Each structure stands twice: as structure tokens, then as C-alpha cells.
Amino acid sequence: MKNSMREIEMYYIDVVAVETSIYNPDQFQIYRIDIPNMKIVPYNNILFHTRNDAAEYIKKYNFLQLSMVMLQEELRRLRIYYGQQR
């Protein structure tokens, strides 16, 4: 039986990746999977000067950090699981 979207959302709420910001390519931002919309979005609007600064923030709040490629793979699996290939 498939898990509810809410259960999946709770599982992925702390799973993030760090990449160059979409707002400022000279800085970094934390990204997460937006489960209801099945896409990767910025976690918040905080920009970091270095990837290391973002990693420290992630560590402080006990998030699980994946690479962006791994986060994209998780999203791909979720889309397949729920039959929502986009």
C-alpha cells in the first residue's frame, strides 16, 4: 500500500541539498523537495557566501544533506511511485 503524501512529506522535510542560488549565482542556497508540487525548491530565502556556510546551517538543524543529483533522483523515484512523471 502506498504511503500518503503527508507521510512522504514528513519523511522528506529534512532532506536537503546545497547548490548555487537561483537568485544570486555568487552565493549558495539550500534546496528541498516540495512534495505536493513534486519539484525541487529553495528551502528558504537564506543565501550563504560559501557552500561550507550552508553545510554548517544544515548541520546545526540536523538536516540530511544529499548532493543535488541525489535529491533529483529521490524526486524522480517519488514521481514514479505516485505515477506523476512530469
Side-chain angles (χ1 to χ4, degrees):
M1 185 171 150
K2 289 185 178 180
N3 293 326
S4 74
M5 287 291 237
R6 183 71 184 141
E7 289 172 315
I8 297 294
E9 190 171 9
M10 292 303 295
Y11 176 79
Y12 280 98
I13 200 158
D14 294 333
V15 178
V16 298
V18 175
E19 269 304 317
T20 303
S21 172
I22 58 175
Y23 306 113
N24 182 345
D26 295 329
Q27 295 185 317
F28 296 89
Q29 196 160 12
I30 298 172
Y31 294 88
R32 67 175 181 82
I33 297 175
D34 177 3
I35 298 297
N37 295 310
M38 289 293 180
K39 61 184 180 178
I40 295 174
V41 298
Y43 176 76
N44 54 29
N45 292 327
I46 300 173
L47 299 178
F48 300 91
H49 293 289
T50 67
R51 189 178 294 273
N52 225 22
D53 292 343
E56 286 299 318
Y57 182 91
I58 289 167
K59 190 182 208 178
K60 178 180 176 182
Y61 291 100
N62 294 316
F63 294 150
L64 172 62
Q65 182 176 353
L66 304 177
S67 68
M68 183 57 83
V69 171
M70 291 174 71
L71 196 66
Q72 290 167 336
E73 180 63 20
E74 288 298 313
L75 177 59
R76 185 188 70 77
R77 288 182 203 176
L78 284 168
R79 286 178 175 167
I80 290 170
Y81 184 74
Y82 285 102
Q84 297 180 358
Q85 279 284 14
R86 293 179 187 185

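Hydrogens, waters and symmetry mates play no part in the numbers below; they use all other heavy atoms, side chains included. Note that this is a predicted model, so its numbers are computed, not measured.
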Under the side-chain contact (heavy atoms from CB on, under 4.5 Å) rule, collect the residues that match up with I13, sequence neighbours excluded. none
Report the residues that fulfil side-chain contact (heavy atoms from CB on, under 4.5 Å) with D26, sequence neighbours left out, ordered by chain and then residue number. N24
Could you give the distance from [atom1] ([X]) to [atom2] ([Y]), rounded to the nearest 0.5 Å?
X: R51; Y: Q27; atom1: CZ; atom2: CD; answer: 13.0 Å
X: L64; Y: M70; atom1: CG; atom2: CE; answer: 8.0 Å
X: E19; Y: Q29; atom1: CD; atom2: CD; answer: 11.0 Å

Test of understanding: clusters of I, L, V, M, F, W, Y form through side-chain heavy atoms closer than 4.5 Å, transitively. Do [X] and [Y] belong to the same one?
X: I35; Y: L71; value: yes
X: Y81; Y: I33; value: yes
X: Y11; Y: L75; value: yes
X: V18; Y: Y43; value: yes
X: V69; Y: Y31; value: no

T50: partners by side chain to side chain donor-acceptor pair (under 3.5 Å), with sequence neighbours left out: D53
For M10, which fellow cluster members are found when Ile, Leu, Val, Met, Phe, Trp and Tyr are connected by side-chain heavy-atom distances below 4.5 angstrom, either directly or through intermediates?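 Via sub-4.5 Å side-chain contacts, M10 links to none.
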Is there a side-chain contact between [X] and [Y] in this structure, where contact means two heavy atoms from C-beta onward sitting under 4.5 Å apart?
X: M38; Y: Y82; result: yes
X: I30; Y: I46; result: no
X: V15; Y: L66; result: yes

Please name all residues satisfying salt bridge (Lys or Arg N to Asp or Glu O under 4.0 Å) with R77, sequence neighbours left out, ordered by chain then number. E73, E74
Identify the two heavy atoms, one from Y23 and one from P42, that lie closest to each other, and give their separation to 0.1 Å. OH-CG, 3.9 Å
Between T20 and F28, the two heavy atoms sitting closest are N-CD2, 3.9 Å
By ring pair (Phe, Tyr, Trp, His ring centres under 6.0 Å), which residues pair with Y57, not counting sequence neighbours? F48, Y61
